[in-house]
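Below: the structure, in structure tokens.
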Amino acid sequence: MGALLKVIDAALVRRGWPHEQMPERDVITFPFQGDDELWAVYAEAREEDGRVIVYSVVPFNIPLQRRAAVAEFLTRANYGLQIGNFELDLDDGEVRCKTSVDVKGVKVAPDLVDRLIVMNLQATNRYVGGIAALVGDDDAVPAQLIDAIEASD
């Protein structure tokens, strides 16, 4: 286990979150239960690049006919995010939230990785309900959903 992977592991151990390393990959995965959804989280250590990348994968794929609306929603969500972004795979409809940090040449503490993970989880939790609403309601309007989510903060 490389140094960055050990730091990711230490951050998750501190929180008492069960997790596991993916076989033959520098990735630790764990489930996270948000307010409305349970999703998979992947924390990747890119030792050679000096990067830690965290992905939360929305637990459902976007149907083809709703991808344009979800793309608009995610673009609007991304505009207000200070750290991280949402991504939509236009081919298969997967949505994920990504946060990352470049730590090349820096000694990384578990607290930094913890903040990276928590910020990812908070962003996903904040917007996943709006994504689900767009998938479940053909009449849902992305701008209105974003306004409602952001007004509630």
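Count residues from 1 along the sequence.
Remark: side-chain polar atoms of Thr124 are not paired, donor with acceptor, to backbone N or O of Leu121 under 3.5 angstrom. Side chain of Arg66 to backbone of Ile131: no donor-acceptor contact under 3.5 angstrom is found. The main-chain N or O of Val52 is never found under 3.5 Å from a side-chain atom of Ser100 such that the two would form a donor-acceptor pair. Between the side chain of Arg46 and the backbone N or O of Ile53, no donor-acceptor pair lies under 3.5 Å. Looking at Arg67, its side chain does come within 3.5 Å of a backbone N or O of Leu90 through a donor-acceptor pair. Under the 3.5 Å distance criterion, the side-chain polar atoms of Asn61 are matched with a main-chain donor or acceptor of Asp92. Not a single donor-acceptor pair under 3.5 Å links the side chain of Gln144 to the backbone N or O of Ala148. Side chain of Asn120 to main chain of Val54: a donor-acceptor pair is present (N/O by atom type, distance under 3.5 Å, no hydrogens or angles). Checking side-chain atoms of Thr99 against main-chain N and O of Leu116 turns up a donor-acceptor pair under 3.5 Å.
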Worked verdict on Thr29 versus Glu20 for side-chain contact (heavy atoms from CB on, under 4.5 Å): CA-CA 6 Å; Thr29 186; Glu20 62 185 15; 3.8 Å; yes
Asp26 and Gln21: CA distance, side-chain angles, deciding distance, side-chain contact (heavy atoms from CB on, under 4.5 Å) verdict: CA-CA 7 Å; Asp26 289 337; Gln21 182 177 348; 4.2 Å; yes
Derivation of the side-chain contact (heavy atoms from CB on, under 4.5 Å) call for Tyr42 and Arg96: CA-CA 10 Å; Tyr42 301 89; Arg96 62 187 185 183; over 6 Å; no
side-chain contact (heavy atoms from CB on, under 4.5 Å) between Ile117 and Arg15, intermediate numbers included: CA-CA 11 Å; Ile117 292 169; Arg15 286 203 174 259; over 6 Å; no
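Between the CZ atom in Arg25 and the CG atom in Leu5 there is a gap of 11.0 Å [rounded to 0.5 Å]. To the nearest 0.5 angstrom, Ile146 atom CD1 is 8.0 Å from Arg126 atom CZ.
Contact detail for Ala10 and Pro110: the closest heavy-atom pair is CB-CG, 3.9 Å. Here the closest non-hydrogen pair linking Pro142 and Ala69 is CG-O, 3.4 Å. Of all heavy-atom pairs spanning Cys97 and Phe86, the tightest one is CB-CE2, 3.6 Å. In this structure, Asp114 and Ala11 approach most closely via the heavy-atom pair N-CB, 4.0 Å. The two residues Val41 and Ser56 come nearest to each other via the heavy atoms CG2-OG, 3.8 Å. In plain terms, the two heavy atoms of Leu145 and Gly130 that are nearest each other are CD1-O, 3.7 Å.
Remark: the Asn85 side chain and the Asn78 side chain contain no N/O donor-acceptor pair separated by less than 3.5 Å.
By the rule that hydrophobic residues join a cluster once side-chain heavy atoms approach within less than 4.5 Å of another member, Ile28 and Val108 end up as members of one cluster. One hydrophobic cluster, built from ILVMFWY side chains closer than 4.5 Å, cannot hold both Leu81 and Met119; they sit in different ones. The hydrophobic cluster containing Val113 also contains Phe30, counting ILVMFWY residues as joined when their side-chain heavy atoms lie under 4.5 angstrom apart, directly or transitively.
Looking only at side-chain heavy atoms (C-beta outward), Phe73 and Ile149 come within less than 4.5 Å of each other. Contact check for Glu37 versus Asn125: no side-chain heavy atoms found under the 4.5 Å cut-off. Counting heavy atoms from C-beta outward, His19 and Val13 have side chains that approach closer than 4.5 Å. Between Val7 and Leu112 the shortest side-chain heavy-atom distance does not fall below 4.5 Å.
In this structure, Trp39 and Phe32 have tilted ring planes: the angle between them lies in the 30° to 60° band.
Here the options are Arg76, Gln122, Glu150, the test is side chain to side chain donor-acceptor pair (under 3.5 Å), and the partner is Tyr127; only Glu150 passes. Residue Leu88 is tested with Ile62, Val58, Thr75 for a side chain to side chain contact (heavy atoms under 4.5 Å, CB included); the sole match is Ile62.
Under a cut-off of 6.0 angstrom, the local environment of CD in Glu47 is crowded, with over 12 non-hydrogen atoms contributed by other residues, nucleotides or ligands.
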